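Remember, it's a predicted structure, so these values are computed and weren't measured experimentally.
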Amino acid sequence: MNDIGEFALLLALATAIYGLVSYVMAVKGNRVDLYFSADKTPVIVFGCVFVSSAVLLRAFMINDFSLQYVWAYSNIELETFYKISSFWGGQKGSLLFWTLLLTAYTTIAYYQNKKKRLEVFPYAMCVCLSITIFFLLLLNFSTNPFERLPLPPEDGRGLNPLLQNYWMVIHPPTLYLGYVGFTIPFAFAMAALITKNLDDSWIRLTRKWTLVSWFFLCMGNLFGAQWAYVELGWGGYWAWDPVENAAFMPLLVATAYLHSVMIQERKDMMKVWNMSLILLTFVMTIFGTFITRSGLIQSVHTFDEATLGYYFLGFLFFVILCSAVMIIKRLSLLKSKNELDSFLSRESSFLFNNLLLLGIAFATFWGTIFPIISEAVRGVKITVGPPFYNQVNVPIGLALLALIGIGPLIAWRKASWGNLKKNFKLPVIAGLIGGAILFPIVPLNSKAELFTYATFILCIFVMVCILSEFYKGAMARMQLNKEPFVKALGILIWKNKRRYGGYLVHIGVVCIFAGIAGSQAYSVHTEKLLKIGETLEIRDYTLRHKDLKAIQQTDIKTRIIALLEVEKDGKVIYVSKPEKEIYKGQNQPVSEVALHSTWKEDLYVILADYREDMSITIKVYVNPMVSWLWKGGLIIAIGTLIAMWPDRLERRRRLERMKKQELAFSPAQE
Amino acid sequence: MAKKTILILGLVLAGWVFFTPYSVSAAVIISDLENALMCKCDDKCGKVMINCTCSTSDKTRADFRKKLESGLTTEQVIQIYVDKYGETILSAPTKTGFNLTAWLTPFAALVGGGLGIRKIAQTWLGKGRKGDKKEEGDVEEVKNSSEPISGEYSKRLEKELDKLEL
């Protein structure tokens, strides 16, 4: 069976090469026969990779330890659920999984566009197939997941216990769906550059793909943060690890693109910029993969056998070179009617939004690569960790937060001071009142607390800005159509999905900002050795050590569980059960955090150590507002789904906009 | 002049906020140390001490306490670790020498980007104004050729545009 998987990978490579060559020859020589011959190759490649993936998954399920990869990342006792996640737990499998998603996306794009955009479609397929060929070359000749062991062992090494968490089953696929998804907008952008079809059509073709990929990347980052929070046991959720940064950067660049593309749609401006942003987003995804698979930068996420660095570095340079050359070659065609009616306009706010988003992306990139630069220049390898990113990115992030509120309230083209005063009066007053109310409540003893206070004020300001948009729109409908408020609000959102979906995403982002600020500045923790019956106090909570149990879960896994009664205001509110899991053959036990989460704060308990006399060392954190992050993520998900939902009215609006543009830019014609 | 004063004040404030060290109280000294130093375990976990949960980090934390109890300051403890492991033990680059570029470059890029946007916006604004003049010229022609557009119509048009461009 494994031979079939291996052969399917070879077949996929051969088909992809054939497809690429045929497509190129078909479009170059105007050969319809070759075009039809190349047609369906993306689907066949997907079929082959799917078969190969199914064979590898089967090997995990039946404990086929003759495969080195299965032996390295699974064992007999591993639960089925985690056997699935073992598939992408190591470098070889994750690369196959990446290729599976890439070919699946290419197939969807193929069916979506094969009859629509014949002028760009073959070129887009060529780009997709070229990228697929790169991954298939690696899978076939450098990091084959079907590599055999000469003497198959009876049992495997097992999956890293830290990866045996449900978030780890969800987080990597979600992140990969985001990463890989940006290949399609990149392919269509390159196709538009090659074929000189540089009107708005490539944007319309790729907008939804960008949004879907952005959504998955955003959720992937949040799921990763959840995993770190509940599994790593250090009370935090984001460590500015190079690989976390690598997932964060394309998200920022794609966010900048999703905003600036609106200017091109409305005013036919910034064509070069938008093209550059979408290409940069893809480059960033490859850069992220390079970091994970090169071992060049020390990271928690780096794969054990990170040996593909040079291949990815070469590929990265190739992609950058192709993108830059194509943009330079098409510069004259990308010239747009860049006109600004006023500095005080939404267009300008988008320019600053892009500046700040790319500013954070650059600061993150700079921090990630600075250890390499330092080593090259001074010969000294240094570390760039959380203090750097917090000090550099927090102020830029705050400016960005303010802009989230300011942007939607500034009119397109030209805003008048009177209009601005009218629109910002309420949010500014609300922010100031909020600040005044919070002033005696929140501590202001350190710089971090000062920043947090500023963040809260800005959050109130932005929230009122956004909510006032909903309110104004719903009220207008109410008056016009005599509808009840809730119905008017519902119809308003449904009829303007893109706009109000976007606003909902902004609300989610505000919640995340508030959650980060609250949890970073006001978190407290303590650690204590407790005998049975002894207590530990932290903030309003009293934790009493009641019991310590050992449970032999399986032959290889033992759970040590501490039982602690948690009292608040003299009442027992719940029993906390932090635990340590000991896996046979693993050096260190894994902590399972006990979490009691409310909208106000999380009580986060870790069993740090235990002794034979039943005494335990526990570490307790009270982390305010962490749940705001996850709720913010949920709001972002809802907002993105609304914004992505097919909208028939959008086409009409676009046509109206185009008409208006024609009128605005060619007044002499009439 | 007022703009320049505001700009200078803003830069001074930004400099103070970004480049002065965080306040240190006795209660947070250990946390400061944990924030300032990386874990140096054999597994090369690559985590900053405050985030690290490996057994080596517990030993290091105990060593921090011991050193602080012996009367050493935070800076002295950090220096001991830097002498032992080199600069790589620090969780962030120092704000001296070449390392200063790590801190300044992002802000320099941001300022450069801001100035670039300003220049581009001014160019685009110029084009827009030229366009406006051209449009005004057209309006003049219209004015000459037909009835003048009343202020009432202009106001109505502006109102309609305001509604549309919310």
(request) Could you grab the distance from atom CD1 of B:Ile120 to atom CG of A:Leu351, nearest 0.5 Å is fine? (result) 8.0 Å
(message) Would you say the ring centers of B:Phe98 and A:Phe370 fall short of 6.0 Å from each other?
(response) yes
Distance-only criterion, 3.5 Å: show the donor-acceptor pairs between side-chain atoms of residues 352-361 of chain A and protein atoms not counting sequence neighbours.
unit_1   : atom_1 : unit_2   : atom_2 : d
A:Asn354 : OD1    : A:Trp273 : NE1    : 2.7
A:Asn354 : ND2    : A:Ala256 : O      : 3.2
A:Asn354 : ND2    : A:Phe350 : O      : 3.2

(request) Quick one: closest heavy-atom pair of B:Glu87 and A:Ile382, and the distance? (result) OE1-CG2, 3.2 Å
(message) Applying side chain to side chain donor-acceptor pair (under 3.5 Å), can you list everything that pairs with B:Gln76, at least two apart in sequence or on another chain?
(response) B:Thr73
(message) Salt bridge check, B:Arg61 against A:Glu527: does any charged N sit closer than 4.0 Å to a carboxylate O?
(response) no
(request) Would you mind reporting whether A:Glu347 and B:Trp124 have side-chain heavy atoms less than 4.5 Å apart? (result) no
(message) Tell me the closest heavy-atom pair linking A:Pro387 and B:Trp103, and the distance in Å.
(response) O-CH2, 4.3 Å
(message) Can you tell me how far apart NZ (B:Lys47) and CG (A:Leu232) are? Round to the nearest 0.5 Å.
(response) 5.0 Å
(message) Within the structure provided, determine whether A:Pro386 and B:Asn35 are in side-chain contact (heavy-atom separation under 4.5 Å).
(response) no
(message) Quick one, A:Arg378 and B:Asn99 - any side-chain contact, counting heavy atoms below 4.5 Å?
(response) yes
(request) Let me know if A:Val380 has heavy atoms under 4.5 Å from chain B in its side chain, its backbone, both or neither. (result) side chain
(request) Side chain from CB out, backbone as N, CA, C, O: work out which of these in B:Leu110 comes under 4.5 Å of a heavy atom of chain A, or both, or neither. (result) both
(message) Could you report the tightest heavy-atom contact between A:Phe388 and B:Pro106, atom names first, then the distance?
(response) CZ-CG, 4.4 Å
(request) Please flag which part of B:Thr94 lies under 4.5 Å from any non-hydrogen atom of chain A: side chain, backbone, both or neither. (result) neither
(request) Please confirm whether the backbone N or O of B:Thr88 pairs with a side-chain atom of A:Thr383, one donor and one acceptor, at under 3.5 Å? (result) yes
(request) Would you mind checking which part of A:Phe343 comes under 4.5 Å of any heavy atom in chain B, side chain (CB onward), backbone (N, CA, C, O), both or neither? (result) both
(request) Measure distances from A:Val377 to the heavy atoms of chain B and classify the residue's part below 4.5 Å as side chain, backbone, both or neither. (result) side chain
(message) Any non-hydrogen side-chain atom of B:Cys52 less than 4.5 Å from a side-chain atom of A:Trp234?
(response) no
